[in-house]
Amino acid sequence: MSGTVRLFVEGDLAADAAVAVTADQAHYLGRVMRLGAGDQLLVFNGRDGEWRAVVDALDKRGGRLTARRQSRPQSAEPDPADQPWLAFAPIKKIGTDFIAQKATELGAARLLPVITANTQTNRVRCDRLRATALEAAEQCGRLSLPDVLEPAALGQLALDWPKDRRLFLLDETGVQTGRARFLAGAVAEHPGPCGFLVGPEGGFIDGELDRLARLPFVTPVTLGPRILRAETACLAALAGWQTLAGDGR
Ligand code: SAH
């Protein structure tokens, strides 16, 4: 069913379960994807795996599907608890959407917008980020959505960070200061659940890097001598982790 429509739904999924879809979803299915009664699609809810479903009815108020058969169990996807988190300083709008989309495609389990000294904007449209992540999950075949948290100040992020989850601090000064490790070595040393922290366009200020690097659950990591854009660093770190410790294992 390549090219089949995939839709995230809220309701429980089981054989012959009735599945309600919203007015927006009904519009997308009927008007955009030209589906009608009897047509098939794939649905997932982040809990019950992925199911083949059939359209019963669509109208401008909403729609109803019936789940028929499970196409993939929820266990077909790694436990979200083992998937990386991504804390990132919001950047200009399109960049932040890009980060949410690529982090979802690359399996991030949680997105944490963080406000640092050089963050250009502390207004983060979390509803937009959630919608972008949902669309990316539908498109890329994920069985779950990443959590998208409200923005937090850098200090609060460090306070709230679970101490059993390694925080890889992406330090753009890491090569010349010799303070950061390359990703492969850092991941080999800390194979458990992890997360990445990426700074804003203006980078971290020294005080931030020093304070963070002293925390026992933090490992400064470099992605090489070139200064990457924040959105590139997010994507490179997650892709590197999946290759070293995630999908690539
Ligand atoms: N102010 C910096 C650019 C910051 S880039 C300058 O112009 O020199 C934005 C963020 O991407 C950084 O804060 C860092 O978290 C990450 N980043 C960029 N290049 C990196 C690299 N080579 N290694 C690790 N992190 C990097």
Side-chain angles (χ1 to χ4, degrees), residues 83-124 129 132 146 148-149 151-161 165-191 193-246 248:
Q83 291 298 294
W85 293 3
L86 174 67
F88 63 96
I91 52 179
K92 54 197 178 309
K93 194 177 62 66
I94 185 74
T96 301
D97 282 352
F98 179 91
I99 291 174
Q101 185 184 66
K102 297 313 162 200
T104 302
E105 291 173 58
L106 288 166
R110 178 166 291 190
L111 304 182
L112 307 94
V114 63
I115 308 303
T116 69
N118 284 335
T119 299
Q120 298 300 314
T121 163
N122 48 14
R123 251 186 54 73
V124 180
L129 288 186
T132 301
V148 179
L149 272 56
L154 184 58
Q156 192 60 50
L157 176 94
L159 280 176
D160 297 344
W161 192 268
R165 181 174 288 267
R166 180 58 42 174
L167 177 55
F168 294 124
L169 164 62
L170 292 191
D171 178 354
E172 70 271 19
T173 68
V175 172
Q176 68 262 29
T177 59
R179 173 171 49 196
R181 306 199 53 180
F182 275 88
L183 189 59
V187 170
E189 189 176 334
H190 302 286
C194 72
F196 295 93
L197 170 57
V198 179
E201 294 98 326
F204 290 109
I205 60 175
D206 285 347
E208 290 172 330
L209 289 171
D210 296 341
R211 255 195 326 277
L212 286 163
R214 281 200 294 271
L215 296 171
F217 56 89
V218 172
T219 299
V221 165
T222 176
L223 293 175
R226 292 170 299 283
I227 300 292
L228 310 176
R229 285 183 176 278
E231 56 268 39
T232 311
C234 292
L235 190 155
L238 287 167
W241 184 89
Q242 287 294 2
T243 299
L244 293 164

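Indexing begins at 1, ligand by ligand and atom by atom, following the structure's order. Remember, predicted model here, so these are calculated numbers, not experimental data. Reckoned from all heavy atoms, side chains included, excluding hydrogens, waters and symmetry mates.
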Q: Would you mind telling me if ligand 1 is within reach of the side chain of V221, the backbone, both or neither, using heavy atoms under 4.0 Å?
A: backbone
**Q.** Element-labelled atoms of ligand 1 that are located less than 4.0 Å from some non-hydrogen atom of F204
**A.** 13 (O), 15 (O)
(Q) With side-chain contact (heavy atoms from CB on, under 4.5 Å) as the test, pick out the partner of L228 among V198, L170, L223. (A) L223
(Q) Looking at E208 and I205, would you say the former's side chain and the latter's main chain have a donor-acceptor pair under 3.5 Å? (A) yes
Q | Backbone N/O of C194 and side chain of R165: donor-acceptor pair under 3.5 Å | A | yes
(Q) Main chain of P146, side chain of Q83: is a donor-acceptor contact present, judged purely on distance under 3.5 Å? (A) no
Q. What atoms in ligand 1 come closer than 4.0 Å to a heavy atom of T222?
A. 23 (N), 24 (C)
**Q.** Minimum non-hydrogen distance to atom 5 (S) of ligand 1, winning option of L228, L183, L223, N118
**A.** L228
Q. Looking only at protein heavy atoms, which one is nearest to atom 4 (C) of ligand 1, and how far off is it?
A. E201 O, 3.4 Å
Q. What are the two closest heavy atoms between T173 and T177, and how far apart are they?
A. O-OG1, 2.8 Å
Q.
Looking at Q120 and N118, would you say the former's side chain and the latter's main chain have a donor-acceptor pair under 3.5 Å?
A. yes
Q. Using a heavy-atom cut-off of under 4.0 Å, does the side chain or the backbone of D171 touch ligand 1, or both, or neither?
A. backbone
Q.
I need the atoms of ligand 1 closer than 4.0 Å to a non-hydrogen atom of R226, numbered in the order shown.
A. 19 (N), 21 (C), 22 (N)
Q: Determine, step by step, whether L154 and I115 satisfy the side-chain contact (heavy atoms from CB on, under 4.5 Å) criterion, reporting the C-alpha distance in whole Å, the side-chain angles of both residues, the deciding distance to 0.1 Å, and the verdict.
A: CA-CA 6 Å; L154 184 58; I115 308 303; over 6 Å; no
**Q.** G203: numbered ligand 1 atoms lying under 4.0 Å from its heavy atoms
**A.** 1 (N), 4 (C), 13 (O)
Q) So which protein heavy atom does atom 1 (N) of ligand 1 come closest to, and at what separation? A) G202 O, 3.0 Å
Q. Is there at least one pair of N or O atoms, one from R229 and one from ligand 1, spaced under 3.5 Å apart?
A. no
Q) Taking T222 for the side chain and F182 for the main chain, is one N or O donor matched with an acceptor at less than 3.5 Å? A) no
Q. Which residue supplies the protein heavy atom nearest to atom 7 (O) of ligand 1, what is that atom called, and how far is it?
A. I227 CG2, 4.0 Å
Q. In terms of residue, atom name and distance, what is the protein heavy atom nearest to atom 13 (O) of ligand 1?
A. E172 OE1, 2.9 Å
(Q) How close do D171 and A180 get, counting heavy atoms only, and between which atoms? (A) CB-CB, 4.4 Å
Q) Is the number of heavy atoms from other residues, nucleotides or ligands within 6.0 Å of CD1 (I94) greater than 12? A) no
Q) Starting from atom 10 (C) of ligand 1, which protein heavy atom do you reach first, and at what distance in Å? A) G199 O, 3.5 Å
Q) Among W161, F196, F168, W241, whose ring pair (Phe, Tyr, Trp, His ring centres under 6.0 Å) with W85 holds? A) W161
Q | Selection from P225, A236, A233 by shortest heavy-atom distance to atom 11 (O) of ligand 1 | A | A233
**Q.** Heavy-atom gap G224 to ligand 1 smaller than 4.0 Å
**A.** yes
Q. Under a heavy-atom criterion of less than 4.0 Å, does P200 contact ligand 1?
A. yes
Q) Among protein heavy atoms, which sits nearest to atom 15 (O) of ligand 1, and what does the distance come to when rounded to 0.1 Å? A) L170 O, 2.7 Å
